[in-house]
Protein chains: 2
Amino acid sequence: MEKKDEMVPGRAMEDYLADIFRLQKESQDPHTAVATQEVAQRRKVSAASTTAMFKRLAREGLVAYREYQGVTLTPRGEQMALQVLRRHRIVERFLTDILGISWEEVDEMAHQMEHALPDPVVDAMERYLGDPRTCPHGFPIPDRQGYVDPLPRQTLAQVEPGQQAVISHVDERVEGLLARLAQMDLHPGTILKVLGRDPLDDLLVVEARGSRMTHLIGPRMAAGIFVRPLD
Amino acid sequence: MEKKDEMVPGRAMEDYLADIFRLQKESQDPHTAVATQEVAQRRKVSAASTTAMFKRLAREGLVAYREYQGVTLTPRGEQMALQVLRRHRIVERFLTDILGISWEEVDEMAHQMEHALPDPVVDAMERYLGDPRTCPHGFPIPDRQGYVDPLPRQTLAQVEPGQQAVISHVDERVEGLLARLAQMDLHPGTILKVLGRDPLDDLLVVEARGSRMTHLIGPRMAAGIFVRPLD
DNA sequence: TTTTAGTTTTAGTCGCGTCTAAAAGGGGGT
DNA sequence: ACCCCCTTTTAGACGCGACTAAAACTAAAA
């Protein structure tokens, strides 16, 4: 039969690249290598499988792999990871804004879909949406060249009483966080004022500008809400 | 690690099921088994691979397989095939009607996408479209229960001069047919009147009701255009 | 420096989906 | 009835992506 040479780096490879990228960005020093176990845990896969994949990725020139030291994305690997993130976030936007699916569900669905969508489809979705700049959770959408806005690292937990901040993005992996925020009508873009902090349980009292509602937010939740300070 | 038991019949299995279904419908007697080679040719895969897949499908109870005699879909297999067709055709409609992609391109794209779309997404697309009854090429969309309207088997080639017929559906696999029809602004639903037949090259002279344009259609094209007679 | 706890890699296996080459089966013509 | 051609199946292989169990390595504490 005809051999399909098309160097299409398997659906799984793309998942690994995107997760390596995310882990790199999340780590305090984004220049150190990403460890086998970090990736294994994130992907819910054994460490052995991860090692095997590191070798495949290295063979394809997508990561630099040093035994026992983890991996770093090469420029090509990073570019590919960014394209995966781009697809993922556009699809998420499409699912929420056009198809009316809740923001708790779209991460998993987009993950399922993202490797199967032809580029023209993703581009058409993007145009249909009016070139959105972020996904529903507030993460920036890389452009076709792979440029992506930097993310703030400050969380709501670090905001001092009396200060104001605007929600930048929300960690979708924190169990129940998205549902709670939806209940409180808090979203990326919402401006918050920290009224006070209960030192006993480390609860934050915040007021949402606009709705003028006040809410109590625990430390786990606050650590998943990333903000930009407001002068 | 956790074992993911979820009996998800592999993306490829679904492709085979759908193609077996289509071949069954296209054959003169839809009750005879579908041969190994038919499937192999349709899927552009070796006969050996097809035999291997027949065994897997039989093991899963999706086809009845008799050695050297080909396969027949079981009720479960047929149901699954219908759901694949449903997804495929809804996605095609979505790509043309919402995202503005041309009907020549959507078959391949939908094929690429169809196995990765979660059911809620397909259902949301269907609602967004207003519950369309056919794909852009005129094939009926099975409902959630798997019911699908029967297709006419008469082609334009069989229409006698003087008679009128409405285009039901178009064989998307006929090379160049979709592009030609788009040029002529002929679509499923268009009413045609066969004005005459040139016996030398077996060309049909047809007039499109509405545009009142007349066109010449060769035998290859005519055999890919399925029609319903008009009284 | 040696021990030890935790991480990483190797070794071997499995299922899917594909291939090629060779063997086996089936059906029509003489 | 036999042969030949065409179809189908078997046999053996491969790459991907996963697993477990065991061996190798690292780093940090004693």
Provide, to the nearest angstrom, the distance between the CG atom belonging to A:Leu57 and the P atom belonging to D:dA18.
11 Å
Once you round it to whole Å, what is the distance between C1' of D:dT26 and CZ of A:Arg66?
13 Å
Would you say D:dC19 has OP1 or OP2 under 4.0 Å from some side-chain N or O of A:Arg43?
no
Any idea which of C:dT7, C:dC19, D:dA18 is nearest the A:Gln37 side chain?
C:dT7
For D:dA23, give the paired nucleotide (Watson-Crick: N1-N3 plus N6-O4 or O6-N4; G-U: N1-O2 and O6-N3; both under 3.5 Å), or none.
C:dT8
Quick one: ring pair (Phe, Tyr, Trp, His ring centres under 6.0 Å) partners of A:His111, sequence neighbours excluded?
none
Which residues share a side chain to side chain donor-acceptor pair (under 3.5 Å) with B:Gln158, sequence neighbours left out:
B:Thr155
In whole angstroms, the gap separating P of D:dG17 from CE of A:Met13 amounts to 5 Å
Can you name the ring pair (Phe, Tyr, Trp, His ring centres under 6.0 Å) partners of B:Phe54, sequence neighbours left out?
B:Tyr65
Look at the rings of B:Trp103 and B:His137 and say which category their plane angle falls in: under 30° parallel, 30 to 60° tilted, over 60° perpendicular.
parallel
For B:Tyr16 and C:dG17, what is the distance between atoms OH and P respectively, to the nearest whole Å?
8 Å
Indicate whether OP1 or OP2 belonging to D:dC19 is found under 4.0 Å from a side-chain N or O atom of A:Ser46.
yes
Partner set under ring pair (Phe, Tyr, Trp, His ring centres under 6.0 Å) for A:His88, not counting sequence neighbours:
none
Nearest-Å distance for atom pair CG/P, residues A:Asp15 and D:dG17
10 Å
In residues 48-56 of chain A, what residues come within less than 4.0 Å of DNA chain D, judged by heavy atoms?
A:Ala48, A:Ser49, A:Met53, A:Arg56
How would you list, by chain and number, every residue that makes a ring pair (Phe, Tyr, Trp, His ring centres under 6.0 Å) with A:His169, sequence neighbours excluded?
A:Phe139, A:Phe226
I want to check one thing: is the phosphate of D:dT9, taken as OP1 and OP2, less than 4.0 Å away from some side-chain N or O of B:Tyr65?
yes
Tell me which nucleotide among C:dT8, D:dA18, C:dC19 gets nearest to the side chain of A:Ala47.
C:dT8
Is any side-chain N or O of A:Tyr68 closer than 4.0 Å to OP1 or OP2 of D:dA23?
no
Would you say C:dC16 has OP1 or OP2 under 4.0 Å from some side-chain N or O of A:Arg11?
no
Whole-Å distance, B:Gln69 CD to D:dC6 C1', equals 15 Å
Can you find a pair of side-chain heavy atoms, one from A:Pro120 and one from A:Asp123, that are under 4.5 Å apart?
no
How many Å lie between CD on B:Glu60 and C1' on C:dG15, as a whole number?
11 Å
